[in-house]
Protein chains: 2
Amino acid sequence: MTASRSFLDEAAALLGPRGLTQDPDLLSPWLTDWRGRFTGRALALASPADTQELSALVRLCAAHRIPIVPQGGNSGMSGGATPDASGTALLLSLRRMNAISEIDTQARQVTCGAGVVLQTLHEAAEAQGLRFPLTLGGKGSATVGGLISTNAGGSQVLRHGSMRALVLGVEAVLADGQVFSALTPLKKDNRGFDLKQLLVGSEGTLGIVTAATLRLVPAVAERVVIWAGVSSLPAARALLLHCEDAAGEALEGFEVMPQASIDAVRDYMPQARAPLEGRHAWHVLIEVVADGASAATLRDRCEAMMEQAFERELLEDAAMSTSEAQAEAFWRIRETVPAAERARGPAVQHDISVPVERMPEFVETTVPMLEAEWPGTEAIAFGHLGDGNVHYHVIAPSVTNGPAWHAADGKAISRRVHDLVTQWNGSISAEHGIGQLKRDELGRLGDPVALSMMRAVKQALDPHGLLNPGKLL
Amino acid sequence: MTASRSFLDEAAALLGPRGLTQDPDLLSPWLTDWRGRFTGRALALASPADTQELSALVRLCAAHRIPIVPQGGNSGMSGGATPDASGTALLLSLRRMNAISEIDTQARQVTCGAGVVLQTLHEAAEAQGLRFPLTLGGKGSATVGGLISTNAGGSQVLRHGSMRALVLGVEAVLADGQVFSALTPLKKDNRGFDLKQLLVGSEGTLGIVTAATLRLVPAVAERVVIWAGVSSLPAARALLLHCEDAAGEALEGFEVMPQASIDAVRDYMPQARAPLEGRHAWHVLIEVVADGASAATLRDRCEAMMEQAFERELLEDAAMSTSEAQAEAFWRIRETVPAAERARGPAVQHDISVPVERMPEFVETTVPMLEAEWPGTEAIAFGHLGDGNVHYHVIAPSVTNGPAWHAADGKAISRRVHDLVTQWNGSISAEHGIGQLKRDELGRLGDPVALSMMRAVKQALDPHGLLNPGKLL
């Protein structure tokens, strides 16, 4: 402990009392991921004030060979920001680096610190008549740095892409403490490898993102949210193709939920009103938006789109939001599905993708397969059909000892789901990243060539393995 | 030569007579870049038929430590596909790998070999009612592999992005002969580092791109091309902002040319008719397109947009194409500028970008500066104002010995332009890449942190330096 003692003394001198603590009460909330699946220990919690302090801190860590676990809002889904149990790593909070610089309304971009919370960014953009077009359930805690490091997705990827597509510039501290500074928001720059995109989605294993320049889009002037009931997932896919043709780029969201998820939401949140009276095998939420220029005709266009869909028998029933409050109420049902599903009892969850056009067949084939192989389980899939990405839960039989089931059947089911996804040329992580949750599965199922390239790049940029060890690779 | 003799014998056995030649007549057209700035030598020209052959060939090269220079259409702008003078490298043509697989019209994507020529790809997409939204002057020779390896730009980047944004999947042969196979066109995939994008724009130094899955967009149902005359580059920028607001995503091109370039085109191509009668400090080409859904109203919207622009005094004069033939005639003038400028005599050319909003000021500041520092020269800039990217030529004084001027003043002028761009936080290569043309300048002016990251990644993935040596780094 003398080595780490001398490190801690130097770090304390560098960061001051606000910047470093070993107080267990202050540390403990950040040592367990928000879903409670991983708990670790840490040498201390460092919260540097700016990039320069962080750079000096990382140099110190490099000199003392202290591993670093970067953390934003601690709302990741794969344990990527939770240290291991050894207690040898420094937990690094980026939350103090939360400045938002001036928003450039002409160029439609914003530069901000890694610690800026997504909701705060939304509000800052709105105040300037603009919009940051990425949102997700954890927006009240998720930070820009975490969103970049995990290449976060959400419910607007269909039109705007995931985080990767919204990052124009990045600043990061590398493993040796050097600052990679690429915030310049050039539209075109062909000076070699795209190091920016290499950092996006690397889960803090190649560098620590400290700031970013992000793309903004015009504010939404009008939106229509449509709730439709359809008879099957292939029918939902046919409706998706119809909406893509009819609405073009105005189509921002296309989410599917089985009837069972709607029932779960009504059990979980009894005051929720179902948008449709009847029961349908699948429910679809469709979001169509317009900025200033085309707002006036949006509702008419949506009505024409839905009339045609009825004529072509693409759906059984539909309701269209008539107010912003109703639009939000529709979305609230969709956003409550994950919590409502969790409340149904022990389950294993999977965040998977296959090619968009194959997703209906994948779900229809594998759900009965899994339910037959593990009698008493219930498999359900919901989410971003437009992206070929669903959250695929398998719920334990009703009378079950949760932890024991997780360790035995749960684990076996996850392997089976991941095997199936891999057979279908899909991804075992569509938007939640690998972290520590799926590291072994990536090692087992990932393309060996890709894995060896990743290991070579990791070794080249972090030769001592100090950046977020035990994650991803 | 015995080592290379034994390599050549093994390569000949592997590739057969169509796949390997040392015939100087067959080799020579590919040993000089199309602009005639670089000439090299090569051991032989290899033209493998498919990825498997190429993989075996690269293994053989690795075993014999034979460097490889990959080449597509040999129409690059930076000498990136021309071997050095040593004659030790194998010149590798991807041109035989030119299959286009079935186009998926629902998912709007195509998978094709690296050797597919851009124009062929355009035609294949059009035959299916779709469009590949990237085009450039060399479309009759440029190949998909070359476009990916150089992250090519062109005149539709404003809306659709450069090649990077259009690549959904990549297959590549790595330095040791292994095949990195990531053609799966998943919309969302968060399994670690973005190796795909690491290969895009790496100029064949990290791997040899053999195939790709590319994004297609709906065919253009209607387009309007507007030619406008404006009094200054800041006025052109104001017009750009107006068009961005009024046309939104329908705006696909915004190109600027000074009067001198229009004069040069008329000298070079006397039959060309200028779209406007009068002379204007700057000419602007604006392209607005619509797919099926919004084609009917496109012309009305463009007229309203231009009326408003006149009312706001954003331009001096304008003409709107009334037929597809006229739209093409407008574009032909723009596309003839580079050749017409080259015909004016010795010049140094630069492909540069600065933040979009600063480009007018950059040109207005630096043009008189350069012309004063090198009396008798003429500096002109034309191109993609909407992307913050112009082609910046400095033409030698009229009576000049070309080669001598290039070696002395030309070189000094280029250094000066690159210094200025760097001071303005710009890029010395916006869309043409680094190749051998700008390698030393990148070394001189590039961010040392970024350069050391690139060198580390290169060393990790190509430890013997066999892939396109002497390019980029």
Side-chain angles (χ1 to χ4, degrees), chain A residues 106-107 150-151 153 157 162 164 174 178-182 184-195 197-198 200-202 206 241 246 248-249 291 293 353-357 387-389 425-434 442 446-447 449-450 453-454 456-457 459-461 472-473, chain B residues 106-107 150-151 153 157 162 164 174 178-182 184-195 197-198 200-202 206 241 246 248-249 291 293 353-357 387-389 425-434 442 446-447 449-450 453-454 456-457 459-461 472-473:
Chain A
Q106 264 191 7
T150 59
N151 182 30
V157 173
S162 57
R164 188 178 294 293
L174 306 180
Q178 288 199 88
V179 179
F180 170 69
S181 186
T184 323
L186 297 173
K187 274 213 181 174
K188 273 175 162 176
D189 185 7
N190 247 354
R191 286 176 291 177
F193 312 159
D194 193 343
L195 299 170
Q197 292 295 357
L198 187 59
V200 178
S202 67
L206 300 180
L241 290 172
E249 287 180 330
D291 58 20
S353 62
V354 298
V356 184
E357 67 277 13
D387 307 324
N389 167 208
N425 293 319
S427 172
I428 63 165
S429 176
E431 61 175 9
H432 293 168
I434 299 297
L442 181 65
D447 171 22
V449 177
M453 285 175 82
M454 285 199 253
V457 170
Q459 173 68 25
L461 298 183
L472 212 169
L473 290 170
Chain B
Q106 265 192 5
T150 60
N151 183 28
V157 173
S162 57
R164 189 178 293 293
L174 306 180
Q178 288 199 88
V179 179
F180 170 70
S181 186
T184 324
L186 296 173
K187 274 212 180 173
K188 274 175 162 175
D189 185 7
N190 247 355
R191 286 176 293 178
F193 312 159
D194 193 344
L195 299 170
Q197 293 295 357
L198 187 59
V200 177
S202 67
L206 301 180
L241 290 172
E249 288 182 327
D291 57 21
S353 63
V354 298
V356 184
E357 67 277 14
D387 308 325
N389 167 207
N425 293 320
S427 172
I428 64 167
S429 177
E431 61 174 11
H432 293 168
I434 299 297
L442 181 64
D447 171 24
V449 177
M453 286 175 80
M454 285 198 252
V457 170
Q459 173 68 25
L461 298 183
L472 211 169
L473 289 170

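Convention: sequence-line order gives letters A, B, ...; per-chain numbering from 1.
- With a 4.5 Å cut-off on non-hydrogen atoms, A:Asp447 touches chain B through its side chain but not through its backbone.
- Within the 4.5 angstrom heavy-atom criterion, atoms from both the backbone and the side chain of B:Glu431 approach chain A.
- In this structure, chain B has a heavy atom under 4.5 Å from the side chain of A:Leu174, while its backbone stays farther away.
- If you tally non-hydrogen atom pairs under 4.5 Å between each of B:Gly426, B:Gly248, B:Gly446 and chain A, the highest count goes to B:Gly426.
- Residues B:Val449 and A:Val179 fail the side-chain proximity criterion, which asks for heavy atoms closer than 4.5 Å.
- Contact detail for B:Lys187 and A:Val356: the closest heavy-atom pair is CG-CG2, 3.9 Å.
- In terms of heavy atoms, A:Leu461 sits closest to B:Ala456 at CD2-CB, 4.1 Å.
- Looking at A:His432 and B:Asn190, their side chains never come closer than 4.5 Å, going by heavy atoms from C-beta outward.
- With a 4.5 Å cut-off on non-hydrogen atoms, B:Ile428 touches chain A through its backbone and its side chain both.
- Across all their heavy atoms, A:Glu357 and B:Ala107 have their closest contact at OE1-CB, 4.1 Å.
- In this structure, chain A has heavy atoms under 4.5 Å from both the backbone and the side chain of B:Asn151.
- Nearest approach of B:Phe180 to A:Met453, heavy atoms of both residues: CD1-SD, 3.6 Å.
- Of the listed residues (B:Leu206, B:Leu472, B:Leu442), the one with the most heavy-atom contacts under 4.5 Å to chain A is B:Leu206.
- Listed here is the closest heavy atom pair of A:Leu241 and B:Gln106: CD1-NE2, 3.2 Å.
- By number of non-hydrogen pairs under 4.5 angstrom with chain A, the leading residue of B:Ala182, B:Pro355, B:Gly192 is B:Gly192.
- B:Asp189 contributes atom CG, which lies 10.5 Å from atom CG of A:Asn389 (distance to the nearest 0.5 angstrom).
- Listed options A:Gln197, A:Gln178, A:Gln459 were ranked by heavy-atom pairs under 4.5 angstrom with chain B; first place goes to A:Gln178.
- For B:Leu195, the part sitting under 4.5 Å from any heavy atom of chain A is the side chain, from C-beta outward, and nothing else.
- Proximity to chain A involves both the backbone and the side chain of B:Asn425, based on heavy atoms less than 4.5 angstrom apart.
- Between the side chain of B:Ser353 and the backbone N or O of A:Lys188 there is at least one donor-acceptor pair closer than 3.5 Å.
- In this structure, chain A has no heavy atom under 4.5 Å from any part of B:Ser162.
- Residues A:Ala460 and B:Ala460 come closest through the heavy atom pair CB-CB, 3.6 Å.
- Of the listed residues (A:Gly433, A:Ala450, A:Ser427, A:Ser181), the one with the most heavy-atom contacts under 4.5 Å to chain B is A:Ser427.
- With a threshold of 4.5 angstrom between heavy atoms, A:Ile434 approaches chain B through its backbone and through its side chain.
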